[in-house]
Amino acid sequence: MASSFLAAAAQKAGPSLRRQALTLTDAAASRIRNLLQQRQRPFLRLGVKARGCNGLSYTLNYADEKGKFEELVEDKGVKILIDPKALMHVIGTTMDFVDDKLREVSQSLAAVRRKRSEFIFINPNSKGQCGCGESFMTTNNPGASK
């Protein structure tokens, strides 16, 4: 009886109780807005691909239209589509953009300066990352899209 009461309450509340699929920081939203304007595209599509030391890596592509089962996230004036195969791996994730003008890297006793600009993902579903940070794993990895 309690479970039927909770189910009815959740249904009445509707999507307001649903966890947001993706949240953007101001820096990420600004960078995405700039990229979409440059390419004259309405959407950026987020997916995951089976790759790397830990099984999954994020993919970002431009999109012209929403696919039938894709999740649409509108945050801070930009529109992100989430591939349905990626949704269970990224739900609740915060996407940020880091733009470090110069970063020193030690190579063969010489300091090399290079620019590092990248999107980073703070993913509560991630159960581990490889050392380089290019791949991650979740408890749902076996269902990853290839």
Side-chain angles (χ1 to χ4, degrees), residues 3-107 112-146:
S3 63
S4 62
F5 172 76
L6 291 174
Q11 190 171 22
K12 281 184 183 179
S16 63
L17 285 182
R18 187 172 164 205
R19 189 174 185 185
Q20 186 164 338
L22 182 71
T23 303
L24 303 175
T25 65
D26 290 339
S30 176
R31 181 64 178 153
I32 292 167
R33 188 177 305 106
N34 182 274
L35 291 170
L36 292 174
Q37 287 172 353
Q38 284 179 356
R39 297 286 181 127
Q40 297 180 348
R41 298 287 182 88
F43 305 107
L44 192 66
R45 179 176 288 122
L46 172 64
V48 294
K49 187 171 188 159
R51 174 173 56 207
C53 308
N54 272 321
L56 296 172
S57 64
Y58 300 100
T59 61
L60 291 171
N61 295 294
Y62 297 103
D64 290 318
E65 58 187 44
K66 180 183 179 295
K68 186 174 182 179
F69 298 107
E70 289 181 319
E71 180 85 10
L72 173 62
V73 174
E74 294 184 61
D75 192 12
K76 296 177 179 65
V78 297
K79 297 177 183 178
I80 307 285
L81 299 173
I82 301 177
D83 183 288
K85 295 174 187 169
L87 189 58
M88 68 181 168
H89 300 289
V90 302
I91 203 148
T93 295
T94 299
M95 184 176 176
D96 195 6
F97 181 73
V98 177
D99 190 10
D100 293 339
K101 299 298 181 203
L102 292 176
R103 184 174 76 150
E104 290 195 24
V105 178
S106 177
Q107 281 183 327
V112 178
R113 293 189 180 269
R114 68 178 179 149
K115 184 173 180 171
R116 183 183 133 221
S117 297
E118 63 186 345
F119 287 104
I120 59 170
F121 298 86
I122 299 99
N123 187 340
N125 307 301
S126 178
K127 301 301 178 203
Q129 270 188 324
C130 66
C132 65
E134 292 295 320
S135 66
F136 68 101
M137 69 175 152
T138 67
T139 55
N140 299 318
N141 271 20
S145 69
K146 294 186 179 179

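On a predicted model such as this, the values are computed, not experimentally measured, just so you know.
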Closest heavy-atom pair and its distance - [X], [Y]:
X: G47; Y: A86; result: CA-CB, 3.7 Å
X: I91; Y: P124; result: O-CG, 4.0 Å
X: K79; Y: L72; result: CB-CD1, 4.0 Å

What's the spacing between [X] [atom1] and [Y] [atom2] if we round to 0.5 Å?
X: L44; Y: F119; atom1: CG; atom2: CZ; answer: 6.5 Å
X: T94; Y: I122; atom1: OG1; atom2: CD1; answer: 5.5 Å
X: L81; Y: E70; atom1: CG; atom2: CD; answer: 4.5 Å
X: N61; Y: L46; atom1: CG; atom2: CG; answer: 9.5 Å

Do the non-hydrogen side-chain atoms of [X] and [Y] ever get within less than 4.5 Å of each other?
X: S117; Y: V98; value: no
X: R45; Y: L60; value: no
X: I80; Y: F43; value: no
X: L87; Y: H89; value: no
X: D83; Y: F69; value: no
X: E71; Y: P84; value: no

Could you go through the salt bridge (charged side-chain N to carboxylate O under 4.0 Å, His left out) check for D64 and R41 one step at a time? CA-CA 6 Å; D64 290 318; R41 298 287 182 88; 3.3 Å; yes
Can you list the residues that meet the side chain to side chain donor-acceptor pair (under 3.5 Å) rule with Q38, with sequence neighbours excluded?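 Listed in chain order: N34.
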Under 3.5 Å, side-chain donor or acceptor atoms of residues 22-33 against the rest of the protein: list the pairs with distances, not counting sequence neighbours.
residue	atom	partner	partner atom	Å
T25	OG1	A28	N	3.2
T25	OG1	D96	OD1	2.6
R33	NH2	K76	O	2.4

